[in-house]
Each structure stands twice: as C-alpha cells, then as structure tokens.
Protein chains: 2
Amino acid sequence: MNIYDIAREAGVSITTVSRVLNGKDNVSPATRQKVEAVLALHSYVPSAIARGLVAKSMKTVAVLTVDVRVPHYARTAYAIEHECSRRGYNVLMCNTGEAKEAGMHYLEAVIEKQVDGVILVGSAHSALNTESRLKKLLVRTPTVVANGRLKLPNSYSVLVDDHLGVGLAVDHLVQKGHQDIVYVRDMDTESARRKYDGYLAAMSRHGLTPRMLDTQPTLAGGIEAAQAFLKLKKATALVCGEDLTAVGVLKGLLRAGVRVPEDAAVTGYNNSEYAHICEPELTSVDNKPEMVGLMSVQLLESLIGGRADPASVVVQPQLALGQST
Amino acid sequence: MNIYDIAREAGVSITTVSRVLNGKDNVSPATRQKVEAVLALHSYVPSAIARGLVAKSMKTVAVLTVDVRVPHYARTAYAIEHECSRRGYNVLMCNTGEAKEAGMHYLEAVIEKQVDGVILVGSAHSALNTESRLKKLLVRTPTVVANGRLKLPNSYSVLVDDHLGVGLAVDHLVQKGHQDIVYVRDMDTESARRKYDGYLAAMSRHGLTPRMLDTQPTLAGGIEAAQAFLKLKKATALVCGEDLTAVGVLKGLLRAGVRVPEDAAVTGYNNSEYAHICEPELTSVDNKPEMVGLMSVQLLESLIGGRADPASVVVQPQLALGQST
DNA sequence: CTGAAAGCGCTAACAG
DNA sequence: CTGTTAGCGCTTTCAG
C-alpha cells in the first residue's frame with residue numbers, strides 16, 4: 001500500500017495525497033477529508049525511506065558508546081536519546097567495545113545509512129584520531145564528542161572538567177583534615193589522564209605529597225587497591241577514578257575491618273547508582289551525564305542546521321556528598 | 001558524489017559500478033579494478049537509503065525498553081545490539097517510559113522507518129495489548145517480546161520462567177533451614193506477577209505459610225520493606241522481586257543492626273551488578289538477559305526470513321549464590 | 001561481460 | 001486549489 005494506491009482510491013493525484021500527508025494548507029477541506037478517510041481506512045503509513053531519499057535525511061543520529069551496560073554510558077545515551085526523540089530524531093545505538101576497528105566498522109555502517117549526525121560518548125573514542133580514514137568518512141557528517149576530542153574540522157566536543165572534578169574531591173578531603181590522600185588510578189583514557197592531573201594539581205595546590213596506586217576499574221581492582229593502601233604508612237584517604245573502583249575499595253576496607261569514614265575516607269567518580277547502593281554511601285563527583293547528553297544533542301543539532309558559531313562546551317562537575325568521607 | 005559520478009569517472013555504466021559495489025562476479029577483472037580505483041579515490045560510500053528503497057529494508061531493527069538506564073534492560077539491549085550487529089543489522093534504541101502513548105509513538109516512528117523487526121523488552125510493554133491500533137501497525141513487522149506477551153499473529157515471545165526463578169530462591173532458603181519466608185513485592189508487571197505466583201506455589205509446595213510486603217522497586221522502597229519486616233514476628237528471610245529492592249532491604253537491615261545472613265537472609269532477582277556491589281553480596285536469581293537477548297534476535301531473524309516454525313522460547317533462570325543467605 | 005531502461009515511494013517545482 | 005513531470009541513488013530485468 002503506497003501513495004499511488006491511496007491516490008487512486010481517493011480519486012486524486014499523488015501530489016494531493018502528499019500534501020495531505022504533510023499537512024500543507026493548499027488543499028480544499030473537502031479533498032483533505034476524502035483523502036484522510038482513505039488514509040485512515042488503511043492505517044496508511046508513509047515510507048520514511050522514500051522520504052529520506054528525497055530529503056537526504058532519515059532524521060536519525062548514531063550514538064557510539066564503548067558499552068551501554070556501563071551505567072555512566074547508559075545515562076548519557078539515555079539523555080541523548082530522550083532529547084533526540086523530543087526533536088524528532090531516532091537514535092542508532094552502537095556498542096563499539098575498546099577496539100578501534102569495531103568503532104570504524106560502526107561508523108561506516110551508520111554513515112552509509114546517512115545519519116544526520118554522530119555522537120561519540122566517552123574519551124575512549126579519541127583513539128580513533130589515529131585512523132586516517134576517519135577524516136574522509138566524517139567530512140559530511142556533523143560529529144559531537146561527549147567527553148573527548150576528535151581532530152576534525154566539523155567535530156565539536158562537550159567536555160566535563162574532570163580536572164576540576166577530582167580537585168573538588170581532594171579539596172573536600174583536605175577540608176575534612178586529610179593530608180595523606182592517595183589516588184587510585186584505574187583507567188587509561190584521556191579523561192582518566194585529566195582526572196589524575198587534577199589530583200596532582202590539587203595536591204600541589206595544598207602543598208601535599210601525591211601518592212598513586214594503579215589498578216583496574218573493577219570491583220576486584222578496587223579490592224586490590226584497598227589491600228595495597230593498607231600497606232602504605234599513614235595514608236588516610238583514597239580518591240578513585242571510578243565509582244566501581246571506589247566500591248571495590250570500600251569492600252576491601254570493610255573486609256579488612258577498617259571503618260569508613262572513621263579510619264579511612266573514600267571518594268568515587270560519576271555519582272552513579274553504585275555510589276548509593278553501597279553502605280556507607282560514597283561521596284562522589286557528579287559529572288552530569290544528563291547535562292552532557294543534552295548539550296551534545298543541542299550542539300549536534302546546531303551543526304546539522306549549519307547554524308553559526310557552534311562552540312565546544314564545558315560542563316562543570318559537582319561534588320555529591322555521601323557518608324564515606 | 002553518487003553512483004553516476006563514479007560511473008562517469010570510471011567510464012562505465014552505473015550498472016557496472018553497482019555490480020562492483022555488490023561484489024557480483026560478472027565483471028571483468030580489468031573493469032573491476034578500474035572502478036575500484038575510482039571508488040577508493042573518493043572514499044565512496046553508497047547510500048543505504050537508496051538501497052533500502054529498492055530492497056524495502058534498511059537492515060535495522062528497533063529495540064524498545066522502558067529505560068536503558070535500568071541495568072537489566074541495558075544488559076538485554078546490549079546483547080540484542082551485539083547479536084544484531086553480528087548479523088549486519090543496526091539497532092534503533094527507544095526508551096519508552098511507562099506510558100503507553102510513548103510506546104505507540106516510538107512504534108509509529110520506527111514502523112515508518114520500515115524497520116525489519118521490533119523487539120520489545122520487558123513485560124511492561126504488555127500494556128500495549130489494549131491498544132487497538134497496535135494490530136494494524138504491526139501487521140507487516142515481525143515482532144518479538146522479550147519477557148512479555150503480545151497477542152498478535154506475527155509476534156512471538158522469549159520468556160523467562162520467573163515462576164521457577166523465585167521457586168529456586170525459596171527452595172534454597174528452605175534448604176538453609178528457613179520457614180518464615182516473606183516475599184517483597186515491588187512491581188506490578190506481568191513478570192512481577194509470575195514471580196509472586198512462583199513464591200506462593202513454592203511456599204505451598206513446602207507446606208509453608210506465605211507472607212507478603214508491598215513496596216516500590218527502589219532503594220528507599222527496600223529500606224521501608226526492611227523496616228516493615230522487622231516488625232513481623234519470627235520472619236527470617238526475604239525474597240525480593242528486584243535486586244535494587246533487595247539492596248535496599250539489605251541497607252535497611254544493616255542500619256538496624258541486623259546481621260545478614262546470620263539474623264536474616266535476603267535474595268534478589270536479576271543477578272545484576274547491584275547484587276555484587278553490596279556487602280554481603282546478594283544471592284540472586286540470574287534471569288539470563290544475555291541469553292534472552294540472543295534468543296530474541298534469533299527468533300526475530302527467523303521471523304524476518306519467513307522461516308517456518310518459529311516458536312516462542314522459554315529461558316530457565318538459575319540461582320547465583322552470594323553471602324546474603 | 002556490459003549497458004539501457006524501468007522503477008522503489010515520495011517530494012517539489014511548475015503549470016494550469 | 002490540483003495535477004504533471006522530474007528526479008532522489010540505487011538495483012534489477014532484459015537485451016545485446
């Protein structure tokens with residue numbers, strides 16, 4: 001059942017049907033009614049593909065995350081989808097994993113589908129910068145990177161000031177009287193580097209000596225970090241790069257009989273559900289994924305619309321206090 | 001840059017370019033090479049929209065969940081996307097929320113886009129059964145419901161045996177010596193009803209008296225349930241309908257100084273990350289979202305392919321032991 | 001092995 | 001207000 005069938009059945013031209021379909025006003029009430037009756041009778045659904053061919057747009061944007069199962073990405077992706085939907089776009093979800101090849105593969109697929117824009121979530125995607133094909137692939141497609149950067153002429157970023165974020169955690173601990181604050185480094189992305197730099201800067205600002213423990217961003221990684229922490233002399237607080245790691249640290253400390261926050265304080269990052277599930281609840285840096293998602297879509301649409309002065313945006317994180325500090 | 005430009009530049013017909021693009025074998029090596037050179041030179045990307053118009057398929061499926069931020073849905077959606085991608089499909093992500101209207105709205109949008117199929121995740125979508133438009137909307141679109149049902153001729157389900165799942169939890173508690181096992185009911189979906197029925201059946205099977213507490217599927221809801229539980233006389237265990245609720249219950253018990261599992265045992269449902277984050281870790285029913293996602297895609301593709309005998313599938317949950325029982 | 005021509009379902013000038 | 005006519009970029013007969 002296509003527009004021709006409808007036109008024939010209503011005894012009008014396809015142009016008229018198209019006009020009714022698109023709510024144009026240059027159709028007489030009588031004709032409109034006649035056409036609408038036929039439309040309703042068959043529950044007619046126009047083909048967005050055919051429309052897309054003409055309009056060169058399917059009103060679709062692609063969102064690439066490493067893995068939507070990671071709560072922080074899920075929140076960002078949700079916010080993006082929500083805002084896109086509000087603006088009449090649908091969202092293609094892509095879980096790229098860590099491998100660059102997979103990311104490129106997804107990009108190729110969605111570029112073929114002529115998505116109106118692409119949002120890359122997470123600084124893990126910065127690795128794509130080394131792909132020479134990338135430039136050619138994305139020349140015609142507006143791209144926004146949420147919390148990362150891409151060196152391309154038509155790509156912009158929404159960045160979270162992670163440097164400041166970790167600083168907030170350190171300042172808070174110092175204010176609580178801590179001096180020997182250890183950083184638990186758990187990832188190796190661009191964003192993770194900004195966090196660590198933020199820690200170093202904050203410690204130096206307070207005239208304190210930085211110390212760092214390396215581990216994995218998992219529960220087990222956190223537990224190991226806690227064990228390592230307990231062997232350090234007179235360290236009293238841990239600043240973690242991820243909530244999950246912080247929860248692991250908490251577990252490790254509690255299992256060793258260390259009281260939190262009395263004997264040791266812990267901070268997390270992301271202020272995810274994880275931070276609220278554990279007991280005591282974590283003090284964590286809220287890096288505003290909903291805001292980042294919203295801004296990303298705003299930025300993307302201004303790029304799609306070819307509007308002037310799209311500028312990269314920086315979101316300010318906030319410290320969310322829990323009982324772990 | 002379209003197929004005409006390539007054809008002109010390579011000095012061949014568009015038909016030949018199309019053949020090269022699609023890897024057909026009826027092209028001479030020389031011609032193929034010539035065309036491929038031009039293709040590569042311009043990093044040519046064919047338009048999936050134009051192809052879609054001819055093929056009447058964009059190799060896309062829509063996945064509707066209430067909210068991807070819920071870990072269980074995120075895991076299911078991830079599994080679906082992963083499997084779809086493997087089979088050459090892209091996935092449209094839709095967060096419908098609880099309202100039926102929103103669900104219908106998303107369905108209309110993706111049906112217009114001629115998705116090859118739709119996967120509805122979660123029994124919350126069963127509410128759509130009351131929508132009369134639904135039937136007309138989905139007549140031509142293969143539909144799979146993951147953990148729910150839709151009364152439509154061309155829709156099939158992948159169901160989790162939640163009745164059995166809760167039964168496993170009860171059996172385990174009974175085996176541990178518990179008699180007074182309370183059910184914490186936290187949702188009102190089809191799946192939640194199956195869980196409660198499973199509880200009742202299991203209790204009756206063991207000749208025990210069922211008791212039930214009603215609350216919300218949130219941390220706060222769990223905490224309230226724990227408080228209510230403590231007022232009951234001689235109850236020693238709680239079976240919860242969701243991990244998040246169970247974590248709340250745990251929190252409530254620990255805060256009241258009740259030791260888990262010594263004084264009271266708790267089980268969750270979903271075996272999500274939540275279950276592992278809390279201390280002690282939860283014994284939880286693993287309802288296999290990855291398996292459900294995989295089966296859903298398999299089923300959907302057999303529907304799309306018009307293959308014979310697609311049948312609804314039932315997945316068996318398993319009990320994942322933690323330290324909370 | 002190669003190309004001409006028709007058409008997928010729709011929108012958009014351009015005439016009436 | 002309405003219809004005719006071209007495409008949008010591609011695949012697919014059907015002839016050579």
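First the proteins, then the strands, lettered A, B, ... as listed; each starts at 1.
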Taking only N and O in the side chain of A:Ser13, is any of them less than 4.0 Å away from OP1 or OP2 of D:dT2? no

Rounded to whole Å, how long is the line connecting atom CG of A:Leu21 with atom P of C:dC10? 7 Å

If you check every side-chain atom of A:Leu53, which of C:dG9, C:dT11, D:dG3 has the closest atom? C:dG9

If you look at every strand shown and take non-hydrogen atoms under 4.0 Å, does A:Thr15 touch a base, only sugar-phosphate, or nothing? base

Is A:Asn2 touching bases, backbone alone, or none of the nucleic acid, heavy atoms closer than 4.0 Å? sugar-phosphate

Along DNA chain C (nearest heavy atom to each residue), the more 5'-positioned of B:Val54 and B:Val12: B:Val12

I'd like to know whether NE2 of B:His42 has more than 12 heavy-atom contacts from other residues, nucleotides or ligands below 6.0 angstrom. yes

Output yes when at least one side-chain N/O atom of B:Lys56 is less than 4.0 Å from OP1 or OP2 of D:dT11, else no. no

C:dC10 OP1/OP2 closer than 4.0 Å to side-chain N/O of A:Arg51: no

For A:Ile14 and C:dA12, give me the distance from atom CD1 to atom P, rounded to whole Å. 12 Å

Within the structure, does a side-chain N or O atom of A:Thr16 lie under 4.0 Å from either OP1 or OP2 of D:dG3? yes

Nearest nucleotide by nearest heavy atom, which residue falls closer to the 5' end of DNA chain C, B:Ala50 or B:Ser28? B:Ser28

Tell me what B:Ser47 touches on the nucleic acid: a base, only sugar-phosphate, or nothing, going by heavy atoms under 4.0 Å. sugar-phosphate

In whole angstroms, how far is the P atom of D:dG9 from the CZ atom of A:Arg140? 12 Å

Side chains of B:Asn90 and A:Lys113: donor-acceptor distance under 3.5 Å anywhere? yes

5'-most by nearest nucleotide on DNA chain D - B:Arg19 or B:Ala48: B:Ala48

Between CZ of B:Arg8 and P of D:dG9 the distance, given in whole Å, is 12 Å

Length of the line joining A:Met58:CE and D:dC10:P, which is rounded to integer Å: 15 Å

Please state how far atom CZ in B:Arg32 lies from atom P in C:dG3, giving the value in whole angstrom units. 14 Å

A:Leu39 has an atom CG; how far is it from atom P of C:dC10, in whole Å? 10 Å

Any donor-acceptor pair under 3.5 Å joining the side chain of A:Tyr4 to the base of C:dC8? no

Can you tell me if B:Arg87 has over 12 outside heavy atoms packed within less than 6.0 Å of its CZ? yes

Between D:dG3 (C1') and A:Lys34 (NZ): distance, integer Å: 13 Å

Can you check whether A:Asn287 reaches A:His72 side chain to side chain, under 4.5 Å on heavy atoms? yes

Does a side-chain N or O of A:Lys24 approach OP1 or OP2 of C:dT11 to a distance below 4.0 Å, or not? no

State whether B:Asn22 places a side-chain N or O below 4.0 Å from either non-bridging phosphate oxygen (OP1 or OP2) of D:dT11. yes

salt_bridge(B:Arg193, B:Glu190) N-O dist < 4.0 Å: no

Looking at B:Arg149, I'd like to know if its CZ atom is crowded, meaning that more than 12 non-hydrogen atoms belonging to other residues, nucleotides or ligands lie closer than 6.0 Å. no

Just call it for A:Ile49: base, sugar-phosphate, or nothing, with non-hydrogen atoms closer than 4.0 Å on any strand. nothing

